[in-house]
Peer 1: 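Have a look at this one before I ask anything.
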Amino acid sequence: MPLSTFPATLSQKIAENPSLINAISMSSFIKRTLLSQPELLNQWLKNLPSSQDCTHYAERLAKILQNVQDEEQLGRELRLFRHREMAMLSFIQSNKLASVEFVFQALSDLAETIILQARDWLYQRCCTEYGVPMNSLNEPQELLILGMGKLGGRELNFSSDIDLIFVYPDAGETVGGRKAVENSKFFTRLGQRLIRALDEVTTEGFAYRTDMRLRPFGDSGALVLSFDSMEDYYQEQGRDWERYAMIKAKILGEDLSNLNHRYLKQMLRPFVYRRYLDFSAIQSLREMKEKISREVVRRNLIDNIKLGAGGIREVEFIVQTFQMMRGGRDKILQERSLLTVLPRLAELNLLTIEQVTDLRTAYLFFRQVENVLQAIDDKQTQTLPTDEQAQQCLILATQKYLIESEHGETWIEHSIQNWADFLHVLGQYQQKVRAVFNELIGKDEDENPPLVNEQIALWRDIWHLEMSEEDLASVLKEYAVQETDYAEIFRWLTTTLQDWSRKPIGVRGREVLQTLLPTVLDQIFNQPNYLILLPRLLNILDKITTRTTYLELLAEKEQILPQLITLCGQSIMIAEQIARYPMLLDELMSNKGLTQVIDFHDYQAALTDYLVRIPEEDEEALIDALRQFKQSQILHIASADIMGVLPVMKISDHLTYLAEAIIGAVVNIAWKAVSQRFGVPKHLSENEKGFAVIGYGKLGGIELGYNSDLDLVFLHNAPENSETVGEQKAVSSHQFYLKLAQKINSIFNLNTSAGVLYEVDMRLRPSGEAGLLVSTFNAYDFYQKNEAWTWESQALVRARCVYGTEILKAEFDQIRQSTLAKKRDEVMLKAEITGMRAKMYQHLTQPQAVEFNLKTDKGGITDIEFIAQYLVLANAETSPEMAVWSDNVRIFDTAMACGILTEHAGEQLKYCYTAMRNRIHHLNLLRQPSCVPMSEFEAERDFIGQMWLQIFE
């Protein structure tokens with residue numbers, strides 16, 4: 001670029017500086033700025049700009065604005081400051097002295113500083129003229145500015161427009177002026193003057209082109225809204241494209257110690273991030289994409305790196321689609337920065353690591369091109385240039401450039417020697433983005449529509465007509481449906497459709513339902529168990545008719561419906577759970593499949609990862625997440641059970657270790673809440689709790705079923721006179737642990753929208769319901785050895801420490817094993833155990849029963865458990881290994897190893913026990929009682945009866 005426009009003495013100095021020549025060659029904007037501000041050129045000739053100079057914008061601009069006297073001078077100083085700083089960033093970019101990310105983040109920080117300082121200067125001027133705006137509580141009101149788009153995400157282009165929304169907290173009027181002015185008028189005037197200060201073109205140019213069209217009601221709406229007006233709008237009229245835009249919204253100068261800032265963030269979050277998975281976002285984004293595609297064609301924007309196929313907009317669509325769909329559930333997606341969210345999509349298995357890498361590198365390449373392109377002449381353009389000089393600038397800029405990486409800044413290099421090379425590299429990036437985009441959003445709808453089979457077409461016809469029995473029969477005869485079932489099917493369908501006709505489903509919901517229901521019915525009536533499936537599937541659809549997002553999920557994801565039909569056919573429990581908690585439908589989307597369960601030792605780590613997404617201070621959300629995690633994992637376990645992937649012993653293992661992980665999380669939540677209120681017991685070391693949870697019954701025996709309660713006992717190790725320490729008022733350590741136990745119980749029993757976590761039974765604690773809710777280890781040890789009844793010792797056989805440090809677990813094991821190994825009178829032991837069993841028969845067995853109760857009847861599960869408990873209590877003194885295990889199967893294994901049981905007897909006891917438990921699991925899935933016809937398990941019951949007589953009589 002010729003230097004003749006500079007004074008001769010300066011031209012010579014510039015010519016001696018390659019970096020300066022390079023920057024001027026790459027940007028006519030730099031040249032114009034240096035010519036209009038010669039003092040800046042002199043400064044650069046002494047010290048060339050570096051990335052360290054692009055800091056402290058607020059301090060430097062505030063110093064300049066101290067001397068500003070009027071709005072004309074304000075506008076001039078803002079523009080001169082902006083041009084100087086932008087020229088510096090262009091110099092840094094041209095000479096590759098910083099990463100692509102550094103440049104657009106610095107551009108964003110610069111814009112935010114200029115906007116805020118202009119606002120603050122004008123606010124003081126308006127207060128002088130009109131008085132200070134106040135609310136009804138006589139509190140001063142402020143103007144909050146939402147930075148939208150790339151400004152909000154700290155991803156501003158070199159010559160971006162800035163999209164803003166103005167809002168103030170409360171209605172009221174000004175105080176201290178000549179005449180009171182309504183707050184709405186005050187802030188409207190302030191907003192108008194701020195826009196003029198930024199947007200007006202003067203002899204110095206403009207500071208920022210300012211776009212206010214993203215505000216509620218757009219150009220026809222008020223320029224500034226109060227919190228109440230904004231909340232009403234977004235609750236009642238906010239549209240999906242506004243949610244999309246609001247993902248990037250940032251309160252400029254955000255300060256979460258400011259109550260107004262906190263309130264505004266909390267107000268907007270539920271509008272942007274829906275509580276449930278929101279698959280309606282896909283359709284909305286498709287419609288937005290179609291509009292953009294039409295605009296590209298209309299305006300011939302084929303060479304536009306932002307709006308063209310595989311460009312910047314599509315990367316943004318991909319990321320923000322997941323944010324809209326899942327941000328309410330996965331709070332780690334609630335970020336404004338695209339580059340921050342991208343790797344989290346891989347963490348959540350929503351995209352592969354390779355896809356995330358492709359999108360990131362493509363996005364940064366596009367942004368490098370975009371910024372260099374706009375820095376040439378400070379013009380907002382994303383269209384590839386046709387003149388050779390601008391093309392050469394892009395070639396030089398993309399041969400090698402810096403980006404941020406895990407290990408600092410990294411050079412990206414491309415073999416680009418000419419414009420054809422550049423277009424080739426650009427095309428490769430666009431193809432990678434397009435591939436991911438098409439997989440997620442769908443291809444442009446220029447393809448042939450999918451074929452619809454004849455039966456589905458018939459179902460669609462019936463939907464649009466008023467269904468008669470004759471119409472239904474004409475469709476059902478196409479399937480292997482018994483004519484005797486027609487009337488019942490007709491009743492189900494007409495009742496359901498009549499109910500739906502009265503529901504506020506909405507236009508979009510009805511459209512999806514009209515497409516979805518024929519497909520559902522077609523698949524149901526292709527199954528032999530259609531009469532079981534029909535009410536279960538209709539119940540699920542009924543529960544989601546007003547939640548269009550779930551209807552769209554079923555319609556969008558073809559793999560879900562077949563899985564749903566299989567699971568609902570096998571388990572009414574699963575069908576009812578999905579109907580009650582539709583969020584479980586998301587689990588059917590898993591690429592790994594529903595029957596793949598995590599290793600049972602990994603539940604704690606998986607739950608920790610799941611809860612990381614939720615702020616620690618949001619206790620309600622944490623508790624809700626525990627229930628969601630439990631429900632989703634049980635759905636996987638039950639699916640693996642139904643499909644025969646896991647044997648019964650493994651099912652119980654998974655259910656038990658899942659419960660243990662949840663117990664640990666509950667204790668941690670409760671500990672945080674109680675310790676914040678009362679401090680922590682002073683006898684504890686850092687990160688200690690001195691607290692243990694003992695699991696009894698099926699939890700202790702690693703034998704949990706789908707509907708099992710948790711039998712828990714709480715123990716602590718606090719010394720007698722210990723107290724809490726902290727900023728709060730001290731309480732005794734025992735009182736602290738009592739509060740902790742109460743808090744744990746309340747968390748388990750809290751009935752939220754996601755249901756109750758677990759039913760908890762505390763009656764097995766020392767002295768039962770009359771005893772303390774939590775005991776010391778010493779008191780528990782004394783009670784077990786000196787006061788416990790035989791039935792309590794039986795219960796102790798199936799007890800296990802399910803939460804606590806290894807030291808506390810070892811302490812409990814010592815108490816348990818020494819108690820079980822006590823010397824006992826064999827005759828008295830047999831009498832007490834058989835007496836207890838006789839009482840249970842009287843209370844739990846129905847004399848005229850026509851079915852066999854697998855749990856409580858003679859020859860059932862309880863008899864087997866009593867046999868195991870007796871073998872431990874009668875033999876642990878001489879065979880201490882009998883007191884090691886808490887589960888029945890390993891107790892029988894140990895008894896065989898010790899010669900207490902023959903191999904035949906032990907193996908047969910194990911077989912009977914696992915067979916009955918397996919049947920109980922499957923009855924649970926069908927929501928049926930644990931009863932079977934008397935003709936079943938006859939041989940097993942006879943064997944158990946013989947063993948009972950052999951052992952006890």
Side-chain angles (χ1 to χ4, degrees), residues 694-701 703 709 711-713 715 761-772 775 777-801 812-845 855-892 894-895 898 900-901 909 913 944-945 947-953:
I694 312 304
Y696 275 74
K698 286 185 168 54
L699 174 62
E703 297 161 359
D709 297 348
D711 294 298
L712 302 180
V713 169
L715 302 178
D761 192 336
M762 300 286 296
R763 289 175 295 177
L764 288 175
R765 66 185 186 269
S767 302
E769 291 181 336
L772 297 170
S775 303
F777 275 86
N778 289 338
Y780 179 81
D781 186 18
F782 180 85
Y783 179 86
Q784 293 295 338
K785 289 185 170 63
N786 299 286
E787 299 179 7
W789 297 81
T790 298
W791 68 265
E792 291 178 290
S793 295
Q794 286 179 252
L796 189 63
V797 170
R798 289 162 60 75
R800 193 169 53 89
C801 184
F812 171 76
D813 287 344
Q814 192 280 324
I815 293 171
R816 175 181 175 273
Q817 290 174 25
S818 60
T819 302
L820 297 179
K822 279 177 56 180
K823 183 175 179 60
R824 290 177 169 84
D825 182 286
E826 188 175 346
V827 175
M828 185 178 295
L829 179 63
K830 287 182 179 181
E832 289 179 341
I833 289 178
T834 54
M836 173 61 68
R837 189 70 183 102
K839 288 181 182 178
M840 293 175 69
Y841 284 140
Q842 291 175 8
H843 288 92
L844 300 175
T845 304
K855 288 183 179 179
T856 58
D857 284 351
K858 286 187 178 181
I861 289 282
T862 303
D863 281 357
I864 301 174
E865 290 174 342
F866 270 49
I867 288 170
Q869 291 159 16
Y870 169 77
L871 293 177
V872 172
L873 294 175
N875 296 284
E877 181 192 5
T878 54
S879 300
E881 53 266 55
M882 285 295 293
V884 172
W885 302 110
S886 60
D887 62 290
N888 292 316
V889 169
R890 281 189 288 196
I891 287 172
F892 292 139
T894 308
C898 293
I900 297 167
L901 285 177
L909 281 169
Y913 182 64
I944 299 301
M947 288 299 301
W948 186 272
L949 290 172
Q950 180 181 326
I951 290 172
F952 290 106
E953 297 181 19

Peer 1: So, applying side-chain contact (heavy atoms from CB on, under 4.5 Å) with Leu829, which one of Asp825, Ile833, Val827 is it?
Peer 2: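 Answer after filtering Asp825, Ile833, Val827: Ile833.
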Peer 1: Mind checking whether Ser793 and Lys822 have side chains closer than 4.5 Å, heavy atoms only?
Peer 2: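 Ser793 does not reach Lys822 side chain to side chain.
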Peer 1: Can you list the steps and then say if Arg798 with Gln869 is a side-chain contact (heavy atoms from CB on, under 4.5 Å)?
Peer 2: CA-CA 8 Å; Arg798 289 162 60 75; Gln869 291 159 16; 3.3 Å; yes
Peer 1: Counting only N and O atoms by type, is there a donor-acceptor contact under 3.5 Å from the side chain of Lys830 to the main-chain atoms of Ile951?
Peer 2: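 Yes; at least one donor-acceptor contact below 3.5 Å.
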Peer 1: Between Phe812 and Ala799, which heavy-atom pair has the shortest distance, and what is it?
Peer 2: CZ-CB, 3.9 Å
Peer 1: For Lys785, enumerate each residue passing the salt bridge (Lys or Arg N to Asp or Glu O under 4.0 Å) test, keeping only those at least two apart in sequence or located in another chain.
Peer 2: Asp781
Peer 1: Just jot down the side chain to side chain contact (heavy atoms under 4.5 Å, CB included) partners of Trp789, sequence neighbours excluded, or say none.
Peer 2: Trp791, Glu792
Peer 1: So, the side chain of Arg816 versus the backbone of Ala883: is there a donor-acceptor pair under 3.5 Å, distance only?
Peer 2: yes
Peer 1: With a 4.5 Å limit on heavy-atom distance, are the side chains of Asp711 and Leu699 in contact?
Peer 2: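 Answer no - side chains too far apart.
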Peer 1: Go through Ile891 and Val797 one step at a time and tell me if the side-chain contact (heavy atoms from CB on, under 4.5 Å) criterion holds.
Peer 2: CA-CA 10 Å; Ile891 287 172; Val797 170; 3.8 Å; yes
Peer 1: Salt bridge (Lys or Arg N to Asp or Glu O under 4.0 Å) with Asp761: which residues, sequence neighbours excluded?
Peer 2: Arg763
Peer 1: Quick one: list whatever passes side chain to side chain contact (heavy atoms under 4.5 Å, CB included) with Glu877, sequence neighbours left out.
Peer 2: Lys823
Peer 1: Just jot down the side chain to side chain contact (heavy atoms under 4.5 Å, CB included) partners of Asn778, sequence neighbours excluded, or say none.
Peer 2: Thr776
Peer 1: Minimum heavy-atom separation for Pro766 to Val713, with atom names?
Peer 2: CD-CG1, 4.4 Å
Peer 1: For residues Leu871 and Ala895, report the shortest heavy-atom separation together with the two atoms involved.
Peer 2: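 The answer is CD1-CB, 4.4 Å.
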Peer 1: Among residues at least two apart in sequence or on other chains, which ones pass salt bridge (Lys or Arg N to Asp or Glu O under 4.0 Å) with Lys855?
Peer 2: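 Salt bridge (Lys or Arg N to Asp or Glu O under 4.0 Å) list for Lys855, sorted by chain: empty.
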Peer 1: Please enumerate all residues that pass side chain to side chain contact (heavy atoms under 4.5 Å, CB included) together with Glu832, with sequence neighbours excluded.
Peer 2: Thr790, Met828
Peer 1: For Asp863, which residues count as a side-chain hydrogen bond (donor to acceptor under 3.5 Å, both in side chains) partner, sequence neighbours excluded?
Peer 2: Arg837, Tyr841
Peer 1: Between Arg824 and Thr819, what is the shortest heavy-atom contact and its length?
Peer 2: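 Residues Arg824 and Thr819, closest heavy atoms: NH2-O, 3.3 Å.
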Peer 1: So how far is it from Asn875 CG to Leu820 CG, rounded to the nearest 0.5 Å?
Peer 2: 12.0 Å
Peer 1: Applying salt bridge (Lys or Arg N to Asp or Glu O under 4.0 Å), name anything that partners Arg800, two or more places apart in sequence or on another chain.
Peer 2: Glu660
Peer 1: How close do Leu764 and Ala795 get, counting heavy atoms only, and between which atoms?
Peer 2: CD2-CB, 4.2 Å
Peer 1: Kindly compute the distance separating CD1 (Ile694) from CD1 (Ile815), expressed to the nearest 0.5 Å.
Peer 2: 8.0 Å
Peer 1: Drop me the distance from Leu873's CG to Leu796's CG, to the nearest 0.5 angstrom.
Peer 2: 8.5 Å
Peer 1: Is the backbone N or O of Met762 less than 3.5 Å from a side-chain atom of Arg765, with the two atoms forming a donor-acceptor pair by type?
Peer 2: yes
Peer 1: For Phe952, check ring pair (Phe, Tyr, Trp, His ring centres under 6.0 Å) against everything at least two apart and list the hits.
Peer 2: Tyr870, Trp948
Peer 1: Tell me, which pairs form a side chain to side chain donor-acceptor pair (under 3.5 Å) where one or both residues lie in residues 878-891, sequence neighbours left out?
Peer 2: Glu703-Asn888, Asp887-Arg890, Asn888-Tyr913
Peer 1: Is the closest side-chain heavy-atom distance between Leu901 and Met947 below 4.5 Å?
Peer 2: yes
Peer 1: With sequence neighbours excluded, tell me which residues meet ring pair (Phe, Tyr, Trp, His ring centres under 6.0 Å) with Phe777.
Peer 2: none
Peer 1: Distance from Leu909 atom CG to Ile944 atom CD1, nearest 0.5 Å?
Peer 2: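 The distance works out to 5.0 Å.
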